Amino acid sequence: MTTLLLGDRVRLAPLKKSSFVLAASWFLALGPVDGTNLRAESTKSLAQQAIELIEDRCASCHDGQGHPLDSLDRVSLTRHRDGGLPTFVEPGSLEKSYLWTLVEADVMPKGDNKLSDEEKTILKNWILEGADFPDYGGGERQYISELEILESIQNHLTQTRIEDRPFLRYFSLHALVNNRELTDDKIRLSAAALAKTINSLSRKRSLISLIPVDSNQTVFAVNLRDLGWDEDRFQKWQEILAAYPYGIKPIRGDEQRLFTNIQEMYQSRGFFDGFPYIRADWFVATAMRPPLYHKLLDIPATLTEFQQEEGFDRHSDFLRNQMIRGGVLLSGISYQPRILDYHEAERGIWISSDFLTQPTSDPERGNIIRYPLGPTFDKNPHSAAAFEEAGGEIIFTLPNGLHAYMLVDGKGNRINSAPIEIVADRTLISGTSQVVNGVSCISCHRHGMIDFADEISRGHGQTNQAEIAKIEAIFRPDDLKRQLRRDQSAYLRTLEQVVGPHLQVGKDEDTPIESFPEPVTTVVKLYQRSLTADQVASELSLQEPTFLNETIKNQTELIALGLGVLPDGGTVKREHWEAKGRNSSESVFQRVSRKFGRIPVTRVSLD
């Protein structure tokens, strides 16, 4: 059995052909496992046996991407849930561990696939001994200090032509690398997420490769000209800096010397924005959602403007049968029907029509079996059979082959997130069940377009011959299937070029690109977690949390900022760590950084 390590998640390939039980969203799915094989592997640690058992039974359904629970992530498995819901695993306590309650009572797995006594003993002892995960090497990584980041950037700038320096920007993975709970493979996923994000925000035809500037390949350079972000006095980059809550400037020692050197190398061409680098995890989690997502991709404010820019008209294509349409009665993203249209345009565009349970003008107009020939518009000759849409999603291909996304309401106005009564994201990638443009879309469409079979062409309720002929003209299941497969293949080829260099290495060299977790989703979920004392210390460039904890105990200001819970094992929410005070332009992170020899960096105006 080949072990592929993916951070705190462990993926085994090939997976055994075990049966899986699909339970309610808050159940764990546990199927049969070969007890003989477990006995043969008795030399493995208890943690390894337990996690491999969970991997073999739970992870296919409960992977944190198709399901809100990530059964191979300790934080997800042990977190205390809101609303009085039981914790899946409470380390050290069988009584408080919902997983054990289900397993002991033979509630899970269902049917005849009950766990053996030996299998139960593995899970029982693992929980009682603290539910630790195996150590897969994260604790052995070299710590990356602020000094090392600045030194790498200085060295790279020194080797760069003076005229090219103003266009270089740097991204660092140090906040993830220094998190000892993360394995090397999750760091690779993080680098892949940065590469995918950068390319997903580019309107250029060429794909962009990250340029590693340090020996550990954790600090990367990107040329803004490759993105087209050098125009309008770097306005798009300025939008990023305006939202960045982690800008700091050292005020003493070698860090200050390196910062000054970097500043001088940029200013030799009359430009320095004050930020030597941007945190890669923040960038992935923030730039892939509005408002930055819309600004960086220049997504227009209305569907009408979008059509003008892309050179097509959906109503005209409908009238001339220059489109392919399919429909499903139960969408995977909601409990409502969904219509999906393909328009050729320059690079291919998919537009969905989504529905409320009861449309405003006519409660029946959301029934696409009876009304498949929408949307309603003035020149629609089939208005008697036209559905009324409440909104939609646009998926369009960027010049480089990746996808971009736009959400609109029923009037075609761009929206940041879709109403929960229309669609919902059960993976909670945005932090809630709301479908947020960009981040939710890339999580769902991890491999490009999602295959589906049209349910309308053979099941519609029309009797009028003109309407039947129209349905036959635009609902073309075979053409739809071919187009979906073409788009899926093209997208996966591009995706492999973008993230393959970071993922298909070493033991994973021959692993298909679609077998890896979606990188952006992985980083966003990591980023949104609450921070422990270890993680706060790491983000403050303190190698050990002891000094942080002692400082907190002796500094009332740090306690007032919400850090008083950290020495006793508490956590700080990410949004609180980034938040600015009512009368302050500095984030909590920046205010705390003052205590450790660094001051906030303010954005430099280029006007």
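Numbers for residues simply follow the sequence, beginning at 1. Given the structure is predicted, the values throughout are model-derived calculations rather than measurements.
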Rounded to the nearest 0.5 angstrom, the CD-CG distance for Gln256 and Leu258 is 10.5 Å
Could you walk me through whether Arg347 and Glu310 pass the salt bridge (Lys or Arg N to Asp or Glu O under 4.0 Å) test, one step at a time? CA-CA 9 Å; Arg347 290 179 297 273; Glu310 296 296 324; 3.6 Å; yes
Here's a test for you: under side chain to side chain contact (heavy atoms under 4.5 Å, CB included), which of Ile559, Val592, Val565 qualifies with Ile552? Ile559
Strictly under 6.0 Å, is that where the ring centroids of Phe396 and His403 end up? no
Heavy-atom pair of closest approach, residues Glu305 and Pro300: CB-CB, 3.7 Å
Please name the residue in the list Glu496, Arg188, Glu509 that meets the side chain to side chain donor-acceptor pair (under 3.5 Å) test with Gln504. Glu496
Between the main-chain N or O of Arg529 and the side-chain N or O of Arg574, is there a donor-acceptor pair closer than 3.5 Å? no
Taking the six-membered ring for Trp, are Trp229 and Phe234 closer than 6.0 Å centroid to centroid? no
SB check Glu255 Lys249 (cutoff 4.0 Å): no
Can you check whether Glu586's main-chain N or O pairs, donor with acceptor, with Arg591's side chain at less than 3.5 Å? no
Charged tip of Arg279 within 45° of Tyr246 ring normal and under 6.0 Å: yes
Hey, would you say the Phe596 and Phe547 ring centroids sit under 6.0 Å apart? yes
Look only at the side chain of Arg446 and the backbone of Pro519, and say whether a donor-acceptor pair between them is shorter than 3.5 Å. no
Would you find a donor on one side and an acceptor on the other, under 3.5 Å apart, between the side chain of Arg141 and the backbone of Asn179? yes
Considering all heavy atoms, the nearest Val408-Leu303 contact: CG1-CB, 4.3 Å
Under 3.5 Å, is there a donor on one side chain and an acceptor on the other for Trp350 and Asp487? yes
Side-chain donor/acceptor of Gln590 to backbone N/O of Gly247, under 3.5 Å: yes
Mind listing the closest non-hydrogen atom pair of Leu292 and Ala243 along with its distance? CD1-CB, 4.4 Å
Looking at Phe275 versus Tyr170, is the centre-to-centre ring distance below 6.0 Å? no
Arg169 (side chain) donor-acceptor with Pro166 (main chain) under 3.5 angstrom: yes
Partners passing side chain to side chain contact (heavy atoms under 4.5 Å, CB included) against Asp214 (at least two apart in sequence or in another chain): Ser152, Asn216, Thr218, Val219
Considering all heavy atoms, the nearest Gly274-Val601 contact: O-CG1, 3.0 Å
Taking every non-hydrogen atom, the tightest pair across Leu168 and Tyr266: O-OH, 2.7 Å
Give a yes or no answer on whether the side chain of Ser584 reaches the backbone of Lys580 with a donor-acceptor pair at less than 3.5 Å. no
Under a 4.5 Å cut-off applied to non-hydrogen side-chain atoms, are Asp508 and Leu503 in contact? no
Would the distance check show the side chain of Arg414 and the main-chain N or O of Ile299 forming a donor-acceptor pair, the cut-off being under 3.5 Å? yes
What pairs with Glu544 under side chain to side chain contact (heavy atoms under 4.5 Å, CB included), at least two apart in sequence or on another chain? none
Looking only at atom types and distance, does a side-chain atom of Ser443 sit under 3.5 Å from a main-chain N or O of Val439, one as donor and one as acceptor? no
To the nearest 0.5 Å, tell me how far Leu548 CG sits from Lys595 NZ. 13.0 Å
When rounded to the nearest 0.5 angstrom, what is the spacing between CZ in Phe167 and CG in Asn223? 7.5 Å
Separation between CG (Leu526) and OG (Ser190), nearest 0.5 Å, reads 6.0 Å
Sub-4.5 Å side-chain heavy-atom contact between Val222 and Ile211: no
Ignoring hydrogens, what is the shortest heavy-atom contact between Gly562 and Val572? Give both atom names and the distance. O-CG2, 3.8 Å
With side chains defined as the heavy atoms from C-beta onward, is the minimum distance between Asn416 and Pro291 less than 4.5 Å? no
Do His174 and Tyr277 make the cut of ring centroids closer than 6.0 angstrom? yes
Is the closest side-chain heavy-atom distance between Asp281 and Leu173 below 4.5 Å? no
Asp409 side chain to Gly412 backbone, donor-acceptor under 3.5 Å: yes
What distance separates Arg289 CZ from Ile442 CD1, expressed to the nearest 0.5 Å? 13.5 Å
CG-OG distance between Asp254 and Ser145, expressed to the nearest 0.5 angstrom: 10.0 Å
Sequence neighbours excluded, which residues qualify as side chain to side chain contact (heavy atoms under 4.5 Å, CB included) partners of Glu346? Arg205
